[in-house]
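Just so it is clear, the model here is predicted, and its values are computed rather than measured. Computed from heavy atoms alone, side chains included, the values below leave out hydrogens, waters and symmetry copies. Here is how names work: the chains are called A, B, and so on, in the same order as the sequence lines, proteins then strands, and each is numbered from 1.
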Amino acid sequence: MTFQALRGTSDLLAGELARWEAVERTVRRLARRYGYQELRTPVIEDAALFSRSVGETSNIVQKEMFRFEDRGGREIVLRPEGTAAVVRAYLEHHLHKTQGFAKLFYLGPMFRAERPQAGRMRQFHQFGVEAVGSSSPWLDAEVITLCLEMLKACGLTDASLLLASMGCRADQAKSAERLRKRLAPHRAELCKDCQSRFDKNVFRVLDCKNPTCREIVWSEKRSPFVLCAECEAHFAQVKRALADVGIAFNESAVFARGLDYYTRTVFEVRSSRLGAQDAVTAGGRYDHLVKELGGPDVGAIGFAAGIERLLMAVHGGTPSDAADDHRAGIYVAVARPDLLAGGFSLVQRLRRRGVTALMDYEGRSLKAQFREADDARCQWVAILGEQELKTQSVTVKDLAQGSQRTIALDAFVEEAAQGVKAACHR
RNA sequence: GUGGGCGUAGCUCAGACUGGUUAGAGCACCUGGCUGUGGCCCAGGGGGUCGCGGGUUCAAAUCCCGUCGCUCACCCCA
């Protein structure tokens with residue numbers, strides 16, 4: 001009986017992890033540059049948090065949450081997204097009272113019980129940014145700019161930004177009504193899914209792939225979306241601010257986010273280097289969520305980016321072992337198995353002085369030890385043999401140059417430790 | 001939840017259509033040539049319930065059925 005990682009989950013090994021760490025470093029560096037502070041929330045939350053925020057009728061809540069009952073009969077879920085939890089924490093720690101406005105970012109795993117495919121995992125990872133407590137359009141521009149800067153700094157070169165405004169709640173109701181009125185005469189012709197979408201969430205009919213549905217939707221040229229004067233002004237300001245800092249975008253009237261909390265500005269960043277799941281980032285304003293979760297009536301905006309998708313778009317299928325010429329560290333090789341004790345005390349002396357040091361404990365041939373030193377990309381091999389033992393010295397070979405010399409043991413340890421210190425000051 | 005493709009060595013894959021001696025290759029790994037020296041070369045070696053279960057047959061990696069897994073797509077989304 002052998003075990004394997006659950007469907008839609010995966011292990012990350014050293015080579016791949018280097019890329020993840022680079023993304024995490026970049027995200028933290030840029031987030032702080034823009035004044036956002038890291039927040040870590042639990043992976044499990046009260047199920048109601050998401051049904052209330054993301055929406056009872058949303059796909060995520062209806063069929064994609066990992067849900068279970070704990071011993072006290074509480075409904076628990078593995079978080080399917082980050083925004084609701086951030087707002088929950090914002091309120092739980094009274095950030096609305098102590099600082100009013102909070103700029104937060106997070107990084108971590110999310111869970112959705114979907115059928116896996118390219119760019120879609122059951123446990124996937126996101127980094128995200130949330131600015132909670134303001135309705136300023138400048139903040140929309142800041143968040144979108146930060147998002148693009150992060151993606152670019154991570155190496156994404158073909159990001160395309162899609163921008164739209166869903167309007168306020170009143171606008172959405174009006175738009176929905178207009179759309180329903182337009183579709184009503186053709187209701188019987190719509191596909192089965194759209195029949196139910198008509199009542200549940202009409203906007204979803206707009207991105208139906210069914211040819212008949214498409215034809216009906218597009219038969220009227222005028223957009224079903226209406227924006228009130230305030231929302232129109234807000235959106236115009238966002239677009240102006242983005243243009244001022246040189247951010248290019250495509251405006252699209254027909255994409256609407258499938259999460260109920262979105263209002264006004266919504267955006268998505270896609271990459272052409274991805275398959276069917278081409279959204280690397282999505283986000284938008286959620287001006288009523290804080291209040292709906294029991295807080296004050298303040299606006300907020302944020303986004304979440306999929307790390308797996310980002311890495312896929314940046315590196316494609318390139319293997320990650322990145323065998324560069326960089327060599328570092330010392331491999332201690334012993335000429336005979338009975339010298340293992342001397343070798344072990346030498347690697348420990350080196351490690352305690354901050355030097356990377358490796359050795360083989362199997363008592364293998366020098367040839368095998370050298371091969372391993374080379375595979376591990378060590379810079380030097382320090383040989384301990386009979387001759388060295390007699391004179392309390394080591395023979396040190398530079399693997400890149402092939403040169404070799406014998407020096408006193410204590411002097412060697414000192415030299416190696418100084419070398420590390422020098423490298424740190426550089 | 002629905003469809004397509006694929007499961008043979010650690011990895012990438014031949015072999016399958018036209019069942020037939022001990023199931024192969026390359027890479028990786030180990031050992032030796034070079035008894036105190038890496039990369040290159042040469043020689044040798046270890047490693048496989050052919051995903052699993054059943055059926056057909058004298059005989060199944062190969063044909064049939066089922067099942068599990070992976071993968072891509074739909075849906076939806078990061």
The residue, A:V280 or A:G8, whose nearest nucleotide of RNA chain B is more 5′ is A:G8
Per atom distances to the A:Q4 side chain, the nearest of B:G69, B:G36, B:C75 is B:G69
query = Going by heavy atoms in the side chains, are A:F267 and A:D140 under 4.5 Å from each other?
reply = no
Whether the side chain of A:E388 engages the backbone of A:G385 through a donor-acceptor N/O pair (distance < 3.5 Å, no angle test) should be reported.
yes
Which of B:G69, B:G36, B:C76 is nearest the side chain of A:E388? It is B:G36
note: A:R122, atom CZ; B:U71, atom P; distance rounded to Å ~ 11 Å
Answer with base, sugar-phosphate or nothing: what part of the nucleic acid does A:A373 contact at a heavy-atom distance below 4.0 Å?
nothing
A:D278 atom CG is separated from B:A73 atom C1', nearest whole Å, by 14 Å
Quick check: does any side chain N or O of A:E308 sit under 3.5 Å from a backbone N or O of A:H125, one acting as donor and the other as acceptor? yes
One should read off an interatomic distance between A:Q237 CD and A:S136 OG, to the nearest 0.5 angstrom, of 7.5 Å
pair_partner(B:G24), Watson-Crick or wobble, both distances < 3.5 Å, evaluates to B:C13
query: Do the non-hydrogen side-chain atoms of A:L78 and A:F68 ever get within less than 4.5 Å of each other?
result: yes
In whole angstroms, the gap separating P of B:C77 from CD of A:E64 amounts to 8 Å
If pairing means Watson-Crick or G-U wobble with both distances under 3.5 Å, then the partner of B:G45 is B:C29
Exercise for the section: Please measure how far the P atom in B:G15 lies from the corresponding atom in B:G51, and state the result in whole Å. Expected result: 15 Å
Please tell me if A:R115 has a side-chain N or O lying less than 4.0 Å from either OP1 or OP2 of B:C75. no
Only one of A:Y261, A:Y262, A:F303 passes ring-ring contact (aromatic ring centres under 6.0 Å, His included) with A:Y286, and that residue is A:Y261
| request: Determine, stepwise, if the pair A:E149 / A:R33 fulfils side chain to side chain contact (heavy atoms under 4.5 Å, CB included). | output: CA-CA 11 Å; A:E149 293 284 321; A:R33 184 182 297 175; 5.6 Å; no
Say you pick atom P in B:U62 and the same atom in B:U21; how far apart are they, in whole Å?
14 Å
Would A:R169 and A:E292 pass as an ion pair if we require N to O under 4.0 Å? yes
Which whole number of Å gives the distance between the C1' atom of B:C50 and that of B:A61?
5 Å
pair_partner(B:C63), Watson-Crick or wobble, both distances < 3.5 Å, evaluates to B:G55
For nucleotides B:G7 and B:G45, find the distance between their C1' atoms and express it as a whole number of Å. 29 Å
Rounded to whole Å, CD of A:Q277 lies from C1' of B:C76 at a distance of 7 Å
### Distance between C1' atoms of B:C30 and B:G47 (Å, rounded)
11 Å
task: Remember a base hit wins even if backbone is also touched, and classify A:G128 as base, sugar-phosphate or nothing at under 4.0 Å, heavy atoms.
output: nothing
The Watson-Crick or G-U wobble partner of B:U2, with both key distances under 3.5 Å, is B:A73
C1' atom, B:A14 versus B:A9: distance in rounded Å? 13 Å
*Heavy-atom count around A:Q348 CD within 6.0 Å, excluding the residue itself: above 12?*
yes
When A:P116 and A:T395 are each assigned the nearest nucleotide of RNA chain B, the 5'-most assignment goes to A:T395
In whole angstroms, the gap separating C1' of B:U2 from NZ of A:K63 amounts to 11 Å
Next item on the list: Looking at every strand, decide which applies to A:E386 at a 4.0 Å heavy-atom threshold: base, sugar-phosphate, or nothing.
Entry: base
- request: Report yes if a donor N or O on one partner sits less than 3.5 Å from an acceptor N or O on the other, where the partners are the side chain of A:Q404 and the base of B:U37; otherwise report no.
  value: yes
For B:G38, the nucleotide meeting Watson-Crick or G-U wobble distances (both under 3.5 Å) is none
Pick out the pairs of N or O atoms, protein on one side and nucleotides 38-49 of chain B on the other, that lie under 3.5 Å.
residue : atom : partner : partner atom : Å
B:G38   : O2'  : A:D374  : OD2          : 3.4
B:G38   : N7   : A:K397  : NZ           : 3.3
B:G38   : O6   : A:L399  : O            : 3.3
B:G38   : N1   : A:L399  : O            : 2.2
B:G38   : N2   : A:R327  : NH2          : 2.8
B:G38   : N2   : A:D374  : OD1          : 3.0
B:G38   : N2   : A:L399  : O            : 2.9
B:G39   : O4'  : A:D374  : OD2          : 3.4

A:N59 atom CG is separated from B:C74 atom P, nearest whole Å, by 14 Å
The nucleotide from B:C76, B:G36, B:C74 with an atom nearest the side chain of A:Q117 is B:C74
Taking the same atom, P, in B:C11 and in B:U35, what whole-Å distance lies between them?
35 Å
Here the distance between atom P of B:G36 and atom CD1 of A:I383, to the nearest Å, is 11 Å
From the list A:R28, A:E142, A:E130, side-chain contact (heavy atoms from CB on, under 4.5 Å) with A:Y36 holds only for A:E142
Using a 4.0 Å heavy-atom cut-off across all strands, classify A:M121 as base, sugar-phosphate, or nothing. base
Answer with base, sugar-phosphate or nothing: what part of the nucleic acid does A:A304 contact at a heavy-atom distance below 4.0 Å?
-> sugar-phosphate
From CG of A:L259 across to P of B:C76 the rounded distance in Å is 13 Å
> Is a donor-acceptor contact shorter than 3.5 angstrom present between the side chain of A:R112 and the base of B:C76?
Replying inline: no
When both distances are under 3.5 Å in a Watson-Crick or G-U wobble arrangement, the nucleotide paired with B:G7 is B:C68
